[in-house]
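These notes are about the structure you will find just below.
Everything quoted here is computed from the prediction, not taken from an experiment. Numbered from 1 within each chain, the chains take letters A, B, ... in sequence-line order.
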Amino acid sequence: MAASGPSEIILLSAGLIVAALVSGILLQTWDDMDDVLDERGKQGAEDVRTRVSLVSDPINIQWVNNDNAKIHLQNSGDTFLDVNSVGAVLGGTTMTVTVTDGVTTEWLPGDVVQFTLTNSGLDSSLSSGDNDLLMTVSVSSTATGYTGLDTLREEVRLVKP
Amino acid sequence: MAGSSIGAMVVGTVFIMVFGMATMTLVESIDESVKNSEFDLSEPEVTLVSVTDKQESTGPIAGLSFSSPSTNSAGNGYTSGDQCELVSSGTGSGASVDIIVTAGEIVGFGLNLVSGNGYSIGEIVTINCGSNPNSGDYSVSSIEDQNTVTVVNTGSETVDLSHIFLTLSDTGTKAQGTPFTPFVNHYSGSNVYLFPGEQLTTDAFPLDPATHGFEIEDDPDRAFLAIYEHKDAKTVTVT
């Protein structure tokens, strides 16, 4: 009994140390997984809450001054949208997007903002009268520190005078 | 031996508790992620019942007539070129016109007619300016058409009336107006929300370039309603 005492204590101590090390590694891994899930969850939540909708009548969108069209977009989501990070592609052509009034900075849920989509390069590919095109508009939100994204795809009829 | 076994049991129990708590936290995070992914945005559905463009019993003045002395009084004390308020004997307000005067008496009116609203055809409106105001008058010969919009909530969600947008357009000229909120701009009732199944009509309203993108005398023939992802369109009934 007395002879086996020290070796048992050594074995027990060694076992505890190994268990502590393994446990530490496992707990750290679980903690990392927890953080990733938390981040993904918040990012996903912001994505789900980000949405934009077209308010303008898609059948009669005027092509103005041979280089631009104006559209009204509604923040139909549940979070603030960034008016300065709106992107648009019209008939495969990337447009420069600006807030038409030049002063709107806040885009709250439910609010409608008019944007001007400009690119003189599109003019040559449009014919006089009706032009049916696919319009893609992307918006992003930054209200909660996480960036939510949404893309609107809508067929529109561009009317060139 | 007994002491080391007890120690091992205590340490083992502590490990189990720590692992249990970590597992609980992980499960909660997974649960929260699932809840976030199941979040549904509002999907309101509002349908256009009718959009009319017609002459109501009262409206903005479209035309005046002056027939003195058979119907109208020339009055006295007026100055030619003055823009004078037209005072209604009924519910009208806001109208004015520039007057043509000879020797203080009204002999006609100019082209700068501000239409106002609430006037009826045949109504006598007195001319409120000059040194003897309201001594002269005109007759309202015609009034402008006005629009009404009727919608019904066909969805299962209650709708904030301020989120309903309408855009008028003229399919002939391809002109598209400006989106406006019919139940904010042209609704005098107390309702703030449109409940499922509820139907609501705006007040009669004249077109205004600043609000609708069309002049008062225009006749846009298409109405496009947008609320979030839901759209609806209807032909305007022009009579």
Please classify the contact between V55(A) and chain B as side chain, backbone, both or neither, with a heavy-atom cut-off of under 4.5 Å.
both

Pair T167(B)-Q176(B), side chain to side chain donor-acceptor pair (under 3.5 Å): steps then yes or no
CA-CA 7 Å; T167(B) 307; Q176(B) 182 167 168; 4.6 Å; no

Under 4.5 Å to a heavy atom of chain B? For L152(A) that would be neither

Does D98(B) reach the side chain of D82(B), with side-chain heavy atoms less than 4.5 Å apart?
no

Engaged part of P109(A) at the chain B interface, taking heavy atoms whose separation is under 4.5 Å
backbone

Is D160(B) in contact with chain A via its backbone, its side chain, both, or neither, using a 4.5 Å heavy-atom distance?
neither

Relative to each other, are the rings of W107(A) and F115(A) parallel, tilted or perpendicular (30° and 60° limits)?
tilted

Between I227(B) and chain A, which part of the residue has a heavy atom less than 4.5 Å away: side chain, backbone, both or neither?
backbone

If you count heavy-atom pairs under 4.5 Å with chain B, which of D111(A), N60(A), D57(A) comes out on top?
D57(A)

Considering only heavy atoms from C-beta outward, does the side chain of L166(B) approach that of L48(B) to under 4.5 Å?
yes

Would Q199(B) and T150(B) count as a side chain to side chain donor-acceptor pair (under 3.5 Å) if you check the C-alpha gap in whole Å, the side-chain angles of each, and the deciding distance to 0.1 Å?
CA-CA 7 Å; Q199(B) 184 169 310; T150(B) 302; 5.4 Å; no

Assert top hit (heavy-atom pairs under 4.5 Å, partner chain A, pool H163(B), K231(B), E229(B)) equals E229(B)

Considering only heavy atoms, which portion of T181(B) lies under 4.5 Å from any heavy atom of chain A: side chain, backbone, both, or neither?
neither

Of the listed A19(A), P161(A), G77(A), the one with the largest count of heavy-atom pairs under 4.5 Å with chain B is A19(A)

Identify which part of A175(B) has an atom lying under 4.5 Å from any heavy atom of chain A, answering side chain, backbone, both or neither.
backbone

Kindly indicate, with the supporting measurements, whether the criterion side chain to side chain donor-acceptor pair (under 3.5 Å) is fulfilled by S88(B) and E123(B).
CA-CA 8 Å; S88(B) 171; E123(B) 178 180 347; 2.3 Å; yes

Assess whether side chain to side chain donor-acceptor pair (under 3.5 Å) is satisfied between S96(B) and E85(B), documenting all intermediate values.
CA-CA 4 Å; S96(B) 66; E85(B) 178 195 7; over 6 Å; no

Does any backbone or side-chain atom of D47(A) lie under 4.5 Å from a heavy atom of chain B? Answer side chain, backbone, both or neither.
neither

Using ring centroids (six-membered ring only for Trp), state whether H212(B) and F205(B) fall under 6.0 Å.
yes

